[in-house]
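A short write-up of the structure that comes next.
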Amino acid sequence: MSASPLLEFIAREHPAFVHIPLGLVAVLPLAMLASFHPRHGKILAGTSFFLAVIGWLGSTIALFSGLIWGRQINLISPSGFLPVVANEKQVLQKILQIHILAATAGFLIGGVCVFMLWRVWRRDFGPGSAGQEHRHAGRRFWERGVGAPALLVGFLWLGCWGFSGKLGGIMVFGNEETNKAAAEVEKAKRNDAEAELPIRALDYASLEPAETAPARSKAHGDRWRRVWVSASGIDAYKAGKPLPPGAYAVMSTFTDEKGKPSTEPGPLYMKETKGDGTTAFAFYWGRVPANLQKDFGNQDSVYWRSPDAKLATCLGCHEKGGSATK
Ligand code: HEC
């Protein structure tokens with residue numbers, strides 16, 4: 001989905017938008033407090049109502065932009081409203097979840113506050129309010145101005161958004177925990193050079209060729225194959241023994257054309273004996289032809305690596321890391 005430039009702007013500027021409602025709701029309790037003044041109560045209660053309405057309506061843009069932003073940067077699924085926390089390490093997702101819940105709670109409490117202030121405003125300025133003027137001074141303290149219950153709700157509203165805003169700040173600028181989590185992800189990626197491309201498999205031609213000419217392989221989609229093995233494993237491979245730890249074999253393939261290997265490259269298959277003796281597989285096809293994409297989850301490019309469940313069929317034939325029985 002490519003978003004419109006306007007939507008893009010609304011999403012990206014979320015950290016800026018939120019300051020408008022947040023600022024209004026931060027001064028709201030001050031205006032509400034001031035409305036307890038014996039003489040200026042009415043005008044300050046009206047001001048409170050005005051601030052609350054603008055803050056509350058403004059917050060709908062902030063909530064909307066936050067949702068769009070979260071979806072654009074894939075923290076929230078395209079049809080979801082909350083991020084899914086898959087594991088403990090997803091600090092950002094965890095913080096975002098609480099950020100959204102606090103913002104939503106603030107919005108609901110804000111709605112109640114606006115309603116309470118509207119009632120005060122109607123009492124003071126609405127139809128039939130003319131005779132109420134002098135009553136104000138005679139009210140008990142907690143009934144003056146906007147009234148104590150509304151003031152309490154106003155503070156709650158500010159509390160929710162203040163907390164949500166604090167978490168938002170952490171997500172934008174980072175804190176110790178998020179920075180540490182980001183650094184760990186970064187490091188894990190650097191240590192895993194093949195996270196995005198099977199670099200060693202793609203460099204198969206630098207390995208020892210185990211076969212001099214392409215041979216047909218029924219086991220691998222009836223393609224034409226050539227097997228290449230790392231120097232540390234070529235002797236074991238030729239002797240039909242399991243590859244030693246650290247050694248790997250790559251099978252480059254060509255599609256068949258009337259019983260002959262065509263020049264159209266097929267997928268790369270890789271099998272590796274890891275340092276701990278376990279076997280790992282990889283399957284890489286950078287460009288799946290259109291007519292075969294339905295067999296590959298409708299992808300135009302696939303890269304699967306152990307322990308991907310899609311490689312279970314490899315294990316079925318290649319048991320225990322030994323050479324598959326022919
Ligand atoms: C139907 C059984 C079968 C399946 C499924 C299978 N293989 Fe193989 N594989 C074989 C056989 C048999 C050989 C020996 C060469 C040949 O016959 O093509 C082999 C050879 C290989 C080789 C060359 C090194 C060696 O051990 O001989 C690699 C690499 C390889 N397979 C990877 C894979 C990967 C990755 C998958 C899963 C995507 C896979 N294979 C699925 C049966 C299978």
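Just so it is clear, the model here is predicted, and its values are computed rather than measured. Numbering of ligands and ligand atoms starts at 1, following listing order.
- In this comparison of Ala215, Ala210, Pro267, Cys317, the heavy atom closest to atom 1 (C) of ligand 1 sits on Cys317.
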Quiz: residues 16-24 side-chain donor-acceptor pairs under 3.5 angstrom, not counting sequence neighbours:
| from | atom 1 | to | atom 2 | distance (Å) |
| --- | --- | --- | --- | --- |
| His19 | ND1 | Pro15 | O | 2.9 |
| His19 | ND1 | Ala16 | O | 3.4 |

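- Atoms CD1 and CG, from Ile73 and Leu96 in turn, are 8.0 Å apart once rounded to the nearest 0.5 Å.
- Within 6.0 Å of CZ in Arg216 there are more than 12 heavy atoms belonging to other residues, nucleotides or ligands.
- Looking at Arg216, Arg223, Met251, Arg225, it is Met251 that brings a heavy atom closest to atom 28 (C) of ligand 1.
- With a 4.0 Å heavy-atom cut-off, ligand 1 is reached by no atom of Lys218.
- In summary, the atoms of ligand 1 found under 4.0 Å from a heavy atom of Tyr237, numbered by their order in the structure, are 24 (C), 25 (C), 27 (O).
- Distances from atom 42 (C) of ligand 1 to the heavy atoms of Ser306, Ala219, Cys314 put Ala219 nearest.
- Interface of Ser217 with ligand 1, defined as ligand atoms under 4.0 Å from a residue heavy atom, comprises 16 (C), 18 (O).
- A 4.5 Å side-chain heavy-atom check between Met270 and Tyr248 finds at least one atom pair inside the cut-off.
- Summarising the local packing, CZ of Arg305 is surrounded by more than 12 heavy atoms from other residues, nucleotides or ligands at distances under 6.0 Å.
- Screening Trp304, Tyr303, Phe296 for a ring-ring contact (aromatic ring centres under 6.0 Å, His included) involving Trp285 leaves a single residue, Phe296.
- In the candidate list His318, Lys271, Glu211, His318 is nearest to atom 33 (C) of ligand 1, counting heavy atoms.
- Phe283 has its ring centre less than 6.0 Å from the ring centre of Tyr269.
- Proximity of the aromatic rings of Trp224 and Phe254 is defined here by a centroid distance below 6.0 angstrom, and this criterion is not met.
- Neither the backbone nor the side chain of Trp304 comes within contact range of ligand 1; no heavy atom lies under 4.0 Å.
- For ligand 1, the polar-atom distance check finds no N/O of Thr313 at less than 3.5 Å from any of the ligand's N/O atoms.
- Of all the atoms in ligand 1, the ones that sit under 4.0 Å from a non-hydrogen atom of Ala282 are 35 (C).
- Note: no N/O pair closer than 3.5 Å links Tyr269 and ligand 1 by distance alone.
- With a cut-off of 2.8 Å, atom 8 (Fe) of ligand 1 has an N, O or S atom of His220 in range.
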